[in-house]
Student: 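This is the structure, below, for whatever I ask next.
Count residues from 1 along the sequence. Note that the structure is a prediction, hence the values are computed from the model and not measured.
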Amino acid sequence: MKHLSILCFVIAFVGVTSFTLLQPSPEPTKAQLTRIGLKGATLKELRPGIWVATQSGKAVGHVVNSQYFAQDVRGFHGETPLLVYINKQRVVSYVTALPNDETPDFFNTALPLLKKYQKQKAAHAATLKVDAVTGATYSSKGLIGNMQAALKAYNTYVK
């Protein structure tokens, strides 16, 4: 309780009216890794939201959870996070959607646009201009925004 009082005092003192605490994104599950082509892989966190993927003791690429980097990106009903696997050749290998609250019919209509990023070098994929799918505009924009955030984070933090 003492720490909460001090925090409230500091916030009031500096005039901050609101703030967001960034929570580390959860490590992908074995099922999610299998879905993106990394069955049996192990992960080592590079930084919150980005992991080095290893199979048979060899680094095979990186996994990015867009949720950590796209907290302000929304579909119609909220966040539309993605799990992105970028191989060691820096090519977007697989993308899968993480749980969300979008309407399945609209969301599933928008999902194919993610294929435009696959098999592209991460640096090039980050520059793609992908159009939203008519009839699923909000879901499309959520997916595009999450993909762009994941690619930006990868291109920024993975050297």
Student: Using the side chain to side chain contact (heavy atoms under 4.5 Å, CB included) criterion, which residues pair with A53? Sequence neighbours excluded.
Tutor: L38, L43, V60, V63

Student: Kindly give the heavy-atom pair with the smallest separation between Q55 and G37, and that separation in Å.
Tutor: NE2-O, 4.3 Å

Student: Given P28, which partner from the list L83, L98, N65 fulfils the side-chain contact (heavy atoms from CB on, under 4.5 Å) test?
Tutor: L83

Student: State the OG-CG distance between S139 and L111, to the nearest 0.5 angstrom.
Tutor: 8.5 Å

Student: After noting the C-alpha distance and the side-chain angles of L143 and L82, does the key distance pass the side chain to side chain contact (heavy atoms under 4.5 Å, CB included) rule?
Tutor: CA-CA 8 Å; L143 290 171; L82 301 172; 3.6 Å; yes

Student: How would you list, by chain and number, every residue that makes a side chain to side chain contact (heavy atoms under 4.5 Å, CB included) with T34, sequence neighbours excluded?
Tutor: K39

Student: How far does CG of L151 sit from CD1 of I86, to the nearest 0.5 angstrom?
Tutor: 5.5 Å

Student: Is there any ring-ring contact (aromatic ring centres under 6.0 Å, His included) pair reaching into residues 82-103, and which pairs are they, with sequence neighbours excluded?
Tutor: none

Student: Could you note down all residue pairs passing side chain to side chain donor-acceptor pair (under 3.5 Å) where residues 140-151 supplies at least one of them, sequence neighbours left out?
Tutor: S66-N146, T80-N146

Student: Show me the pairs that pass salt bridge (Lys or Arg N to Asp or Glu O under 4.0 Å) and involve residues 63-86, at least two apart or across chains.
Tutor: R74-E79

Student: Going hydrophobic residue to hydrophobic residue with side-chain gaps under 4.5 angstrom, can you get from L128 over to V91?
Tutor: no

Student: Quick one: list whatever passes side chain to side chain donor-acceptor pair (under 3.5 Å) with N87, sequence neighbours left out.
Tutor: S93

Student: For E102 and H77, which heavy atoms make the closest approach, and how far apart are they?
Tutor: OE2-N, 2.7 Å

Student: Following the transitive rule for hydrophobic clusters with a side-chain heavy-atom cut-off under 4.5 Å over Ile, Leu, Val, Met, Phe, Trp and Tyr, establish whether V73 and F106 coincide in one cluster.
Tutor: no

Student: Which atom pair, heavy atoms only, marks the closest approach of T156 to K159?
Tutor: O-NZ, 2.7 Å

Student: Testing L114, V92, I50 for side-chain contact (heavy atoms from CB on, under 4.5 Å) with V84, which one passes?
Tutor: V92

Student: Check Q67 against P26 and note the closest heavy-atom contact, atom names and distance.
Tutor: OE1-CD, 4.0 Å

Student: Is there side-chain contact between E27 and W51, with heavy atoms separated by less than 4.5 Å?
Tutor: yes

Student: Just verifying a value: how many Å separate I144 CD1 and L113 CG, rounded to the nearest 0.5 Å?
Tutor: 5.0 Å

Student: Between M147 and Y68, is there shared hydrophobic-cluster membership here, with clusters defined by ILVMFWY side-chain heavy atoms closer than 4.5 Å?
Tutor: yes

Student: Going by side chain to side chain contact (heavy atoms under 4.5 Å, CB included), name the residues that satisfy it together with T54, two or more places apart in sequence or in a different chain.
Tutor: T42, V52

Student: Taking side chain to side chain contact (heavy atoms under 4.5 Å, CB included) as the test, write out the residues that go with T29, two or more places apart.
Tutor: A31, Q32

Student: For R90, give me all partners under salt bridge (charged side-chain N to carboxylate O under 4.0 Å, His left out), at least two apart in sequence or on another chain.
Tutor: none

Student: N155 and A126: which non-hydrogen atoms are nearest, and at how many Å?
Tutor: ND2-CB, 3.6 Å

Student: Filter on ring-ring contact (aromatic ring centres under 6.0 Å, His included), then keep only pairs touching residues 109-159, sequence neighbours left out; what's left?
Tutor: H62-Y154, F76-Y138

Student: If every non-hydrogen atom of Q120 is compared with every non-hydrogen atom of A125, which pair is closest and at what distance?
Tutor: CB-CB, 3.9 Å

Student: Using the salt bridge (Lys or Arg N to Asp or Glu O under 4.0 Å) rule, collect all pairs that involve residues 110-130, keeping only residues at least two apart or in two chains.
Tutor: none

